[in-house]
Amino acid sequence: MLKTSTPAPLDQAVIAKAQALPTGLWLTCPNCHASAYRRRFGAAKVCPQCGYGLRLTAHERIAQLTQQFEQWDQQLPQLPTDFPGYADKRQAAASASGSDESVICGQALIGAHTVALGVMDSHYMMGSLGTVAGERLCRLFERATQARLPVVVVATSGGARMQEGIQSLMQMAKVSQAVAHHAAAGLLYIVVLSDPTMGGVAASFAMQGDIILAEPHSRVGFAGKRVIEATIHAQLPADFQRAEAVQKAGFIDAIVPRSALGAKLAALLALHEGC
Amino acid sequence: MTAYEQVLQARAPRPYSTRTLIAGIVSDFQECRGDRVHQDDSAIIGGIGWLDQRPVTVIATTKGETLPERLATHGGCPEPWGYRKALRLMRQAEKFHRPIITLIDTPGAYPGKEAEANGQAAAIADLLLAVSTLQTPLVAVIVGEGGSGGALALACGDEVWMAAQSMYAILSPEGFASILFKDVTKAEAAAALMGLTPKELLANQVVERVLPEAGRQFPTMLKTALIPTIARLAAMPTATLLAQRQARFRRY
């Protein structure tokens, strides 16, 4: 005789219990897609499977990387722009990131080394480079040149900020000028590429370091993967524009796991003491 | 004219080819090819010639004339080896304190697989860094499309000029619309917001001069305009020239 099973009616109490369970206990790694208990990513937010570092806010990064930090140039006037929806977007970005712009700059202590530090924040409008971010970075290099400090920039960005138009594009040239003068003074500049570093940021200061480091699996490139796929009418491999492939192509000195980043920077800074 | 009509005009074929334009500006043009590392990029023509009585280096992006040329240049989109060729020729010009003229007509750097694998971003970044302290004058002229970082790489001059029928923007209006409005068909509305017309860019001090529409006479007119400007910049002490260039970009 064929047995038909009918599902037991759900008990209201069971439903209530399920709904009361906390959510977000598990995380899926955006790189390897493995799921792991959130706690296993640890305070550094690194995938226990593949070593990919989840995107950090600038404040989280500064807390992880420095022993001391004093912010510079917090109050800079925004470019008056009437681009529709831009003011609202900035406000939303500020609450999403806890930052007031896509980069936070200041003087920091890494190990025993005083540096001028710029940390970008992908949670703020995808880390896009606008006039305020450009001005902060420019002043970072200028102050570092004056004070004879090395510069460390932790880069992450989708590129130039569309809403500010051509003025954003000009920031690439402006910051590059400041990098060039810092370099001409014989001072050290280290870049840490984190996921993602693209477009106008990759095509300017993020690729101008004396030493270029990257976090594992970070996407680094100029044009977006989808734009390229649409242009060449072909699918690109999974490792396309990933730090490992970019390093193999010759553009990254070392790929450094997040947990080792502070020590790596300290070691490099020590080798350039006074530079 | 609407901003988008300005874009279409900037993209329309010129009544002269890039080589005709170069020949109209300098005489006895000697082309120099290759980046000395990887290969030659036909999207960038570079070389040396006489601007009136003075040797200058000319670096021009080109979309090509024939179909095979247009395919080879990807419609005027340089690849990293094109930007490295430009940088090599700039260093060469610097060595001989020869002024540089760049002629820009590009939708942007080519978004290709090989281009990315060969460091498109790094190639542009290197140019931006080098031009900041390049010890010879540079005048950049946007003659058609000035698209994105791929145009900026060649447009960090002591002076930047635009032809009346050109545009200069952070991205193509189509790309801009697709990013901000998630709708590529809104390019027309995007163009109106982007401030990409010569008139707006002159008002915003992004460019120093807009050259009037002159059809086939454009190369001759450009040459006439370039001679005194190049003479003035070349007569400046290098330190003054560099300080002025730095101030030019510091104001943004």
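Bear in mind the structure is a predicted one, so any value in this text is a computation, not a measurement. Order of the sequence lines sets the chain letters (A, B, ...), proteins ahead of strands, with each chain counted from 1.
With a threshold of 4.5 angstrom between heavy atoms, E142(A) approaches chain B through side-chain atoms but not through N, CA, C or O. With a 4.5 angstrom heavy-atom cutoff, V179(A) touches chain B via backbone and side-chain atoms both. Using a 4.5 Å cut-off between heavy atoms, N204(B) contacts chain A through both its backbone and its side chain. Proximity to chain B (any heavy atom under 4.5 Å) is shown, for S204(A), by both the backbone and the side chain. The parts of L128(B) that come within reach of chain A are both its backbone and its side chain, each placing non-hydrogen atoms under 4.5 angstrom from that chain. Looking at Y110(B), only its side chain comes within 4.5 Å of chain A, counting heavy atoms on both sides. Residue F205(A): no heavy atom, backbone or side chain, is found under 4.5 Å from chain B. Only the side chain of L201(B) comes within contact range of chain A, with at least one heavy atom under 4.5 Å from a heavy atom of that chain. Proximity to chain B is limited to the side chain of I232(A), based on heavy atoms less than 4.5 angstrom apart.
A 4.5 Å side-chain heavy-atom check between L129(B) and M207(A) finds every atom pair outside the cut-off. A heavy-atom distance below 4.5 Å is found between the side chains of Q177(A) and R245(B). Put simply, the side chain of R161(A) does not reach to within 4.5 Å of the side chain of I170(B), judged on heavy atoms. Under the 4.5 Å side-chain criterion, counting only non-hydrogen atoms from C-beta, L193(B) is in contact with P84(A).
Atom CD1 of residue I124(B) and atom OG of residue S176(A) lie 11.0 Å apart, to the nearest 0.5 angstrom. Interatomic distance, I179(B) CD1 to M162(A) CE, rounded to the nearest 0.5 Å: 4.5 Å.
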Point to revise | side chain to side chain contact (heavy atoms under 4.5 Å, CB included) between M170(A) and L152(B), worked out | key: CA-CA 8 Å; M170(A) 294 301 133; L152(B) 176 74; 4.0 Å; yes

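Here the closest non-hydrogen pair linking F251(A) and A117(B) is CE1-O, 3.8 Å. Counting all heavy atoms, side chain and backbone alike, K174(A) lies closest to Y252(B) at NZ-O, 2.6 Å. Contact detail for I228(A) and K113(B): the closest heavy-atom pair is CG2-N, 3.9 Å. Closest heavy-atom contact between Q208(A) and A125(B): NE2-O, 2.9 Å. When all heavy atoms of A109(B) and F222(A) are compared, the pair lying nearest together is CB-CE2, 3.6 Å.
Counting non-hydrogen atoms of other residues, nucleotides and ligands closer than 6.0 Å to CZ of R209(B) gives a total above 12. Within 6.0 Å of the CD atom in Q146(A), the count of heavy atoms belonging to other residues, nucleotides or ligands does not exceed 12. Counting non-hydrogen atoms of other residues, nucleotides and ligands closer than 6.0 Å to NZ of K264(A) gives a total of 12 or fewer.
With chain A as partner, the option from A153(B), A122(B), G108(B) having the largest number of non-hydrogen pairs under 4.5 angstrom is A122(B). With chain A as partner, the option from C156(B), G195(B), S148(B) having the largest number of non-hydrogen pairs under 4.5 angstrom is S148(B).
Taking the six-membered ring where tryptophan is involved, the planes of F83(A) and F176(B) are perpendicular, since the angle between them exceeds 60° and thus also 30°.
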